[in-house]
Amino acid sequence: QVQLVESGGGLVQAGGSLRLACAASGTIFSIHVMGWHRQAPGKQRELVASIISDDSTNYADSVKGRFTISRDNAKNTVYLQMNSLKPEDTAVYYCNFVGTMYNVWGQGTQVTVSS
């Protein structure tokens with residue numbers, strides 16, 4: 001059974017940076033998409049960034065130019081480098097791996113950006 005373990009969340013001042021990581025704790029095959037989603041109070045969960053098996057990436061407009069998604073296939077790990085953080089980025093961040101026959105989610109990690 002695959003479990004996604006997230007790390008790197010925390011409290012940071014506006015303008016600061018955090019790097020989130022999400023690693024699969026078990027064997028996982030044929031990952032098509034790795035992504036990061038977030039859910040802020042009073043808002044629906046939204047896609048923040050995704051990276052496809054061909055290394056193409058997508059970002060929400062709100063984070064373009066500030067966040068970078070990357071992966072290490074050998075480690076089955078996806079990262080989210082978050083720079084120039086804003087209070088509006090405060091949310092629980094969830095990683096997600098999608099394959100042909102599965103869709104698994106991390107437990108979520110809290111990111112809080114103080115003003």
Side-chain angles (χ1 to χ4, degrees):
Q1 182 178 355
V2 172
Q3 184 174 356
L4 303 185
V5 180
E6 300 182 29
S7 61
L11 175 65
V12 65
Q13 293 185 44
S17 298
L18 287 172
R19 191 191 194 204
L20 306 183
C22 174
S25 63
T27 301
I28 190 166
F29 301 97
S30 300
I31 303 170
H32 297 326
V33 183
M34 296 178 174
W36 289 95
H37 301 244
R38 68 186 181 188
Q39 188 163 22
K43 293 186 176 182
Q44 289 189 294
R45 188 174 298 188
E46 65 173 340
L47 177 66
V48 176
S50 62
I51 184 165
I52 315 302
S53 58
D54 66 357
D55 285 330
S56 62
T57 57
N58 293 285
Y59 297 93
D61 288 342
S62 60
V63 307
K64 286 180 180 177
R66 300 189 297 119
F67 291 11
T68 303
I69 188 170
S70 61
R71 69 183 184 191
D72 185 333
N73 289 337
K75 297 179 180 179
N76 287 326
T77 300
V78 64
Y79 304 92
L80 186 67
Q81 178 67 46
M82 305 185 294
N83 298 326
S84 301
L85 283 162
K86 304 175 180 179
E88 304 95 282
D89 297 317
T90 295
V92 177
Y93 285 70
Y94 300 89
C95 60
N96 172 227
F97 289 8
V98 179
T100 301
M101 302 299 293
Y102 61 86
N103 185 344
V104 296
W105 292 82
Q107 80 281 4
T109 186
Q110 177 70 48
V111 171
T112 302
V113 184
S114 62
S115 60

Ion pair check, D61 and K64, cut-off under 4.0 Å | yes
Treating [X] as the side-chain partner and [Y] as the backbone partner, does any N or O pair qualify as donor plus acceptor under 3.5 Å?
X	Y	result
S115	P87	no
R66	S84	yes
E46	R38	no
Y102	F29	yes
Q3	A24	no

Verify whether one side chain among [X] and [Y] offers a donor that lies under 3.5 Å from an acceptor in the other.
X	Y	value
T68	R19	no
S17	N83	yes
Q110	T112	yes

Looking only at heavy atoms, what is the nearest atom pair of [X] and [Y], with distance?
X	Y	result
V113	K86	CB-O, 3.3 Å
A23	T77	CB-OG1, 3.4 Å
D54	R71	N-NH2, 4.2 Å
T100	H32	OG1-NE2, 2.5 Å
V78	S70	CG2-O, 3.3 Å
A49	Y59	CB-CD2, 3.6 Å

I want to check something: taking the side chain as every heavy atom from C-beta on, are [X] and [Y] in contact at a cut-off of under 4.5 Å?
X	Y	result
L18	V111	yes
T109	V92	no
I31	V98	no
W105	E6	no

Approximate separation, where rounding is to 0.5 Å, of [X] [atom1] and [Y] [atom2]:
X	Y	atom1	atom2	result
I69	C22	CD1	SG	9.5 Å
S50	M34	OG	CE	12.0 Å
D89	S62	CG	OG	7.0 Å
E88	K43	CD	NZ	7.5 Å
N76	F97	CG	CZ	6.5 Å
Y93	F67	OH	CZ	4.0 Å

Is it the case that one hydrophobic cluster holds both [X] and [Y], taking links as side-chain heavy atoms less than 4.5 Å apart, direct or via other members?
X	Y	result
W36	V33	no
Y79	L4	no
V104	L47	no

Cation over ring face, R45 and Y94, 6.0 Å, 45° = yes
Test side chain to side chain contact (heavy atoms under 4.5 Å, CB included) applied to N96 and H37, step by step = CA-CA 8 Å; N96 172 227; H37 301 244; 3.9 Å; yes
